[in-house]
Protein chains: 2
Amino acid sequence: MLSLHQLRCFLATYEHGSLTAAATELGYAQPSVSEQIRALEKSLGVQLFRRVGRGVVPTTVADELRPHAERTLAAAEEARRAVTSAKALQTGTIRFGMFGAARLYAGAGLVADVLARYPGVRVELIGQNSNEVQEDLRRGRLEAAMIAVPAATSEGMTVTPVAKDELVYISADPERLASPVTPQRFAQAQLVMPETTWRAVDSTRIVLRQMLHETGRNPTTRIEVEDIETAVELVGMGLADSVIPKGAALQLLPRLAPSAGYVSLRPRQYDTLAVVHRSGATLSPAARLMIELATRRIQQIAEPYSPR
Amino acid sequence: MLSLHQLRCFLATYEHGSLTAAATELGYAQPSVSEQIRALEKSLGVQLFRRVGRGVVPTTVADELRPHAERTLAAAEEARRAVTSAKALQTGTIRFGMFGAARLYAGAGLVADVLARYPGVRVELIGQNSNEVQEDLRRGRLEAAMIAVPAATSEGMTVTPVAKDELVYISADPERLASPVTPQRFAQAQLVMPETTWRAVDSTRIVLRQMLHETGRNPTTRIEVEDIETAVELVGMGLADSVIPKGAALQLLPRLAPSAGYVSLRPRQYDTLAVVHRSGATLSPAARLMIELATRRIQQIAEPYSPR
DNA sequence: CGCGATCCCTAGGTCATTCCTATGATGCGA
DNA sequence: TCGCATCATAGGAATGACCTAGGGATCGCG
């Protein structure tokens, strides 16, 4: 079976015209190199060197083999180098999970942070929804992610809360923004809610359902849309109100709904943003980097998490 | 230490997303592949797969490694293929030694024979002089050669005579061609002799010296030139006569000295053409081919060798 | 022409690697 | 919750890598 080791011995022997010299260069005893060459010749079924009195002389087949041997060793070396630099985050791909809304107002800055520090890397931010991201985590497609809890956290996951993101009520009607929105008023509102596909398990909705449940009411939605931008635009057009994370409101309202504003709920409600990964896994440098940078970004916008 | 085997296991695992499947494809037991992957990860100092419940999932570093692993294995395969086809004489270089005059009138046809049979190969015909060729043989730079004996044959060489090439007297003067040239007449001739550099050991001259020595005379040369064509041209201009192998005379006289002709010596003198190689060496297919073709070519021109 | 130096091969032994079977641990899906 | 699929571990046999020691051939030199 052809091996890189044999090719290394072959090249050293070819260049020196001597087994002894090759062995010296490679740091082996002479019979070891001799044995490797013999094994290579046997495996190829051809004579590579003629043993002639003083030293050895390559055959024409050896001439033929040499450039290929060099190419093969170079490719192997290149492979090692690529891995090393990927390990050092100089190149390669960094993949990180991040649920929709948080990605919306922290994602671009996060990617910018990574690229500023490691210009050679590719960055992938995965996931439209926290639960989708959790599924990727569970399947191993993602090493770590920043998601909004509560979501149906499965066993074997380590969850580290990093920030609280307040949920605010947004509307184009100044009257409804005059004072914090109570559950009573909230229950009567005409709402547009994003992330239709995932409404049953969406973190924000779970929080809101809980809030309303305490008052014995169910939330009603007038419009269901897929993405948060559309929801904000609809709010700007005065067609409905909505509840979104404050960070998203700060970024999207001026751009998509300049006539609208936001106000807190009463009592204040929060999405908890947390870093999640498989329990017991040792995180790669890339993942640790992303976690650190994402945490910093998020905490610039949302309040740092403080356990009660 | 990185090995091709590890890369093969890595690729199979990457493609199947499973150690078991990879092992099946490669024809190994599952723990063997597992061990190879672990060794590769250790040698690179990086995790390549995350072990996740059902199967394994490549990390981004593995994504980075894969194309390089493929390139490396392809290069190794290419190396093997190149050697195989060189071995089968489909490509590569065939090197053969052949001394000056014989190469002159048989070389082109010999090369044509080889190329007709093996269109992909490169052919090198080495050597201007028998002794130069012998030196290459002794040093191992040549595997086998067709040379003219007697020449100073050194120990350790196997000499197989294949043809006798008669030495003929050439002249532009029809009178001198009327009858075979005796040593007496020869000793008085004005001669032009080729291969100046090697005159002391040249095979033809040794034969002629022996012939004259029996009559107690020494040969005199009027002109010394390096190559046989020049000598023949000078003969054609009537400036001197010469002695060259009959094969060379047949080919060169019509072209370079149409007014000249040739006649035998009395007694007839012969160069013996022989195949020479190191004793005890097993000849490569290429060398055997060249010997066979060269022998056939030579025997079409010179008389087959018949031991007395 | 012998003599030492050089270089390759062979022999025999040690140690590491490779590969196997058997078995345990774990996650997934019915 | 049970069965199945998958990976990890353990232990042992076979193979390969490497070494030291010594023999044979060749080369250059006195």
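Letters A, B, ... mirror the listed sequences (proteins, then strands); counts begin at 1. Just so it is clear, the structure is predicted and the values come from calculations on it, not from any experiment.
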### Query
Per the end-axis method with five pairs at each terminus, what is the bend angle of the helix from C/dC1-D/dG30 to C/dA30-D/dT1, to 10°?
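The angle separating the two end axes equals 30°.
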
Spacing between [X] atom [atom1] and [N] atom [atom2], to the nearest angstrom:
X	N	atom1	atom2	answer
B/Arg50	D/dC7	CZ	C1'	16 Å
A/Leu4	D/dA17	CG	P	13 Å
A/Arg38	D/dA17	CZ	P	12 Å
B/Ile37	C/dT18	CD1	P	12 Å
B/Met1	C/dT18	CE	C1'	17 Å
A/Leu2	D/dG16	CG	C1'	15 Å
A/Gln6	D/dT15	CD	P	17 Å
B/Arg8	C/dT18	CZ	C1'	14 Å

#### Entry: Flag for B/His277-B/Glu143: side-chain donor and acceptor within less than 3.5 Å
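B/His277 and B/Glu143 do not have a side-chain donor-acceptor pair below 3.5 Å.
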
Taking side chain to side chain contact (heavy atoms under 4.5 Å, CB included) as the test, write out the residues that go with [X], two or more places apart.
X	result
B/Ala74	none
A/Ala75	B/Thr72
B/Val57	B/Val52

### Task
Could you check if a side-chain atom of B/Cys9 sits within less than 4.5 angstrom of a side-chain atom of B/Leu26, using non-hydrogen atoms only?
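Side-chain contact under 4.5 Å: yes.
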
### Task
If a protein heavy atom is under 4.0 Å from the base, mark B; if only from the sugar-phosphate, S; if neither, -; do that for nucleotides 19-30 of chain C going 5' to 3'.
BBBB----BBS-

Using the test salt bridge (Lys or Arg N to Asp or Glu O under 4.0 Å), find all partners of [X] that sit at least two apart in sequence or belong to another chain.
X	result
A/Glu78	A/Arg81
B/Glu41	B/Arg51
A/Arg122	A/Glu124

### Task
Give every residue pair that meets the ring pair (Phe, Tyr, Trp, His ring centres under 6.0 Å) criterion with at least one member in residues 19-60 of chain A, sequence neighbours excluded.
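Found A/His5-A/Tyr28, A/Phe10-A/Phe49.
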
### Message
Taking ring pair (Phe, Tyr, Trp, His ring centres under 6.0 Å) as the cut-off, I'd like each qualifying pair that reaches into residues 50-83 of chain B, sequence neighbours left out, listed once.
### Response
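Residue pairs passing ring pair (Phe, Tyr, Trp, His ring centres under 6.0 Å), neighbours aside: none found.
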
### Task
Output yes when at least one side-chain N/O atom of A/Ser34 is less than 4.0 Å from OP1 or OP2 of C/dC8, else no.
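Checking C/dC8 against A/Ser34, no side-chain N or O comes under 4.0 Å of OP1 or OP2.
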
### Task
Using a cut-off of strictly less than 4.0 Å, decide whether B/Arg51 has a side-chain nitrogen or oxygen near OP1 or OP2 of D/dA8.
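Yes.
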
### Task
Please list, chain by chain and in numerical order, all residues satisfying side-chain hydrogen bond (donor to acceptor under 3.5 Å, both in side chains) with B/Ser34, sequence neighbours excluded.
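B/Ser34 satisfies side-chain hydrogen bond (donor to acceptor under 3.5 Å, both in side chains) with B/Arg38 only.
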
### Message
Give the residues of residues 10-22 of chain B touching DNA chain D, defined as any heavy atom closer than 4.0 Å, sorted by residue number.
### Response
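Heavy-atom cutoff 4.0 Å gives B/Ser18, B/Leu19, B/Thr20.
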
